[in-house]
Amino acid sequence: MVRTLALALVLVSLPASAKPPRLALFISVDALGTDLLLRTRPKLKSGLRQLIDGGAFHPYCRYEYASPRTAPGHATLVTGANPWRHGVIDNQVVDRTKAKPQPVFLDAAHPALEVPLAQATTIDASPLPLMAETVGDRLRDTTAGRAKVVALSGKARAAIPMAGRLGQAYWFDETVGKFVTGTWYTKEFPEWLKSFNARNLPASYFTEQWTLLLPRTEYTGEDERPFEGDDANLGRTFPHPLNGGLQAPGPRSYSALAGSAFSNDVLVQAAKAAIAGEGLGKDEVTDLLAVSFSGTDRSFHTYGPHSWEMQDTLYRLDRALAELITAAERAAGGRANLVIVLSADHGGAAVPESWAAQGVDARRLNAPALMEPLAQELRTRFALTEITTVLEEQNVYLLGKGLEAGKVDGAAVRRAAAEWLARQPGIALAVARDDLFTAPDMAGMLAPLRRGYYPGRSGDVLFVQKPFHVLSTQQIGTNHGAPYSYDQVVPVIFAGKGVRAGTYMNEMPMTDVAPTLAALLELGMPASAEGKPRTEIFATGRGGSAAP
């Protein structure tokens, strides 16, 4: 009797049903920081509001590495690992043989399909550099390949990690104005993608304008603010023309579309075509659809997180998400067969001049301008005739024949570079890779750098800028990628089958997202996952679930 009761208690504590959902919908919103979502929340009426109110809402979730950006963020979301395990340290890495940055998912042996060859071999195109298993890979392995894993985005560097090595990735290419994929995944577009591209939906926006969705009184601040940019001839104020300044649809008009809120709608239509074409959610084998919205990031970078453009992008995204969720529900045969995860790859800084106007010690930091003075300092100090410094975000690569030939102590050169950088205005700390894992971490800043370091890909010297100092070579817009809350903290929402709705205020590491989704899908965790399932979100008892 006692043993029977104990077994019953264990069963009640398990997720609501051992039968996994038919479909998992994984949504990423590029640059959706928690502060941005919370101040927009009162105006949300549709899909985002539905998920917040009906799901397990975690407002305070943190990327624990130093440079939150698109490629590493999406890799962490689906692997449950930090860059030191999954290897995707940034959007670009420096090719030491050529002394220049290249896309992190570059794979010249597997170019993008139906893209001009000169570009197809020089862009993100395959998951080969991803060194960790994703939750989609685990799903495919568990089901002996029967599960379908499909990822779509406006950016290749978002779709590729979300698809993993065993799924299918599709992304919008602004050169040709259609969704494409790479030869890693297939040698020919599937029929549903051919049909979708044949509709030529992106070109239909050529004569359109991006106008405000709501009355002007619903937007805070001013339409045109200092230090806003002009991306692809969109202009700085509403309405924004989508023709890119062209006479007929072409790469610049497609770029204008990709930088507007209407990119959300195009992506949803592509996702709906994938749902129908792949038959997602149609049988008892769980499928995974990942959709990453990139237009939000373009609005963020060009206009800033407080701009009318960002506000309108989120209002329109709210409606687009409702359409996507409805399509997913129908495909799965109802809400009881669907699990949804929504999060973001990173947050973002305000326009630094707006911070400075409020009395904050903020400024633009033109880090590339420091590279030649650094190289000169090292040449003088070590009598090196050849030394090259290459910067990619917060990674400094030291190259040159003098170092390669071992004419000087490489560690001494790297330490000297770190010491020089640490003395420059706007730099909080700098460290040579030789000392990264041994130096005392008095202020807690080395730990994020360590989690973001991958040997052979990361720089020889790593640095962190001071708070509110934004790396930017331009005098417009803003950026992200620092180990501070405005860049690291994003929301996470779980909703659907087996989820207990509520708002959970405890801080959650982003490495917990993939393990939690894996548990909801009745899977083992991805192989390199560092996180764990969030037990507080699981409904208990038979039939207990919280649908969006």
Participant: Test of understanding: with salt bridge (charged side-chain N to carboxylate O under 4.0 Å, His left out), list the residues that count as partners of R316, not counting sequence neighbours.
Facilitator: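 With neighbours one apart ignored, the set is D312.
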Participant: Specify the closest pair of heavy atoms between P526 and V78, including all atoms of both residues, with the distance to one decimal.
Facilitator: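 Scanning both residues completely, I find the closest heavy atoms to be CG-O, 4.1 Å.
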Participant: Work out which heavy atom in E133 is nearest to a heavy atom in D137; give both atom names and the distance.
Facilitator: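 The answer is CG-CB, 3.6 Å.
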Participant: Under a 3.5 Å distance rule, please check whether Q311 uses its side chain to pair with a backbone N or O of T220 as donor and acceptor.
Facilitator: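 Yes.
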Participant: Between CD of E208 and CZ of F262, what distance do you get to the nearest 0.5 Å?
Facilitator: 7.0 Å
Participant: Can K19 and E522 be counted as an ion pair, charged N to O under 4.0 angstrom?
Facilitator: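 A salt bridge is absent here (no side-chain N lies under 4.0 Å from a carboxylate O).
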Participant: Between T181 and Y170, which heavy-atom pair has the shortest distance, and what is it?
Facilitator: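 T181 and Y170 have their closest heavy atoms at CB-CD2, 3.7 Å.
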Participant: Looking only at heavy atoms, what is the nearest atom pair of S354 and R225, with distance?
Facilitator: CB-NH2, 4.1 Å
Participant: Report yes or no: do T175 and Q119 form a side-chain donor-acceptor pair below 3.5 Å?
Facilitator: yes
Participant: Is D487 reaching over with its side chain to a backbone N or O of A349, donor-acceptor style, under 3.5 angstrom?
Facilitator: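 Yes, the answer is positive, given that a donor and an acceptor are paired below the 3.5 Å cut-off.
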Participant: If we only count heavy atoms from C-beta on, is the L342 to L321 side-chain gap below 4.5 Å?
Facilitator: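 Yes; the side chains approach each other to less than 4.5 Å.
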Participant: With sequence neighbours left out, what residues match F179 under ring-ring contact (aromatic ring centres under 6.0 Å, His included)?
Facilitator: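 Residues passing ring-ring contact (aromatic ring centres under 6.0 Å, His included) with F179: F172, F196.
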Participant: For I89, does its backbone N or O pair with a side-chain atom of R457 as donor and acceptor, under 3.5 Å?
Facilitator: no
Participant: Checking D287 side chain against G281 main chain: does a donor-acceptor pair fall under 3.5 Å?
Facilitator: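 Between the backbone of G281 and the side chain of D287 there is a qualifying donor-acceptor contact (under 3.5 Å).
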Participant: Determine whether a donor-acceptor pair (N or O, by modelled atom type, separation under 3.5 Å) exists between the side chain of Q488 and the backbone of H346.
Facilitator: no
Participant: Ignoring hydrogens and angles, tell me if any N or O in the side chain of R216 forms a donor-acceptor pair with the backbone of D223 under 3.5 Å.
Facilitator: no
Participant: Quick check: closest heavy atoms across P129 and L106, and the distance to 0.1 Å?
Facilitator: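 Closest approach of P129 to L106: CG-O, 4.5 Å.
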Participant: Donor-acceptor check, side chain of D345 to backbone of H74, threshold 3.5 angstrom: yes or no?
Facilitator: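 No, D345 side chain to H74 backbone: no donor-acceptor pair under 3.5 Å.
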Participant: What about the rings of Y486 and W355, do their centers lie closer together than 6.0 Å?
Facilitator: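 When the ring centroids of Y486 and W355 are compared, they turn out to be within the sub-6.0 Å range.
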Participant: Please find out if less than 6.0 Å separates the ring center of F238 from that of Y219.
Facilitator: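 No: the rings miss the under 6.0 Å criterion.
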Participant: So that I can tick it off, tell me whether R69 and E393 are bridged by a salt bridge, with the cut-off set at under 4.0 angstrom between side-chain N and carboxylate O.
Facilitator: yes
Participant: Has the side chain of S46 got a donor or acceptor atom that lies under 3.5 Å from a matching backbone atom of R319?
Facilitator: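 Between the backbone of R319 and the side chain of S46 there is no qualifying donor-acceptor contact (under 3.5 Å).
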Participant: Please check if any side-chain donor atom of T313 sits under 3.5 Å from a side-chain acceptor atom of S299, or the reverse.
Facilitator: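 Side-chain D/A pair, T313 to S299: present.
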Participant: Below 4.0 angstrom, N of the basic side chain to O of the carboxylate: do D512 and R534 qualify?
Facilitator: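 Between R534 and D512 there is a salt bridge, with a charged N closer than 4.0 Å to a carboxylate O.
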Participant: Once rounded to the nearest 0.5 Å, what's the spacing between atom OH of Y484 and atom CZ of F468?
Facilitator: 9.0 Å
Participant: Tell me whether R364 contacts the main-chain N or O of V470 through its side chain, where contact means a donor paired with an acceptor under 3.5 Å.
Facilitator: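 Not at all, since once roles are kept as given, no pair shorter than 3.5 Å links the two residues.
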Participant: Can you find a pair of side-chain heavy atoms, one from V513 and one from F26, that are under 4.5 Å apart?
Facilitator: yes
Participant: Judged by atom type as modelled, is there a donor-acceptor pair below 3.5 Å linking the side chain of T302 to the main-chain atoms of D231?
Facilitator: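 Not at all, since once roles are kept as given, no pair shorter than 3.5 Å links the two residues.
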Participant: Please examine the side chains of V104 and D90, heavy atoms only from C-beta on, and report whether any two atoms are closer than 4.5 Å.
Facilitator: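 No, every pair of side-chain atoms sits at 4.5 Å or beyond.
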Participant: Taking the basic N atoms (NZ, or NE/NH1/NH2) and the acidic carboxylate oxygens, is any pair closer than 4.0 Å for R298 and D30?
Facilitator: no
Participant: Ring centres of Y303 and H240 under 6.0 Å apart?
Facilitator: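 Yes - the distance between ring centres of Y303 and H240 falls below the 6.0 Å cut-off.
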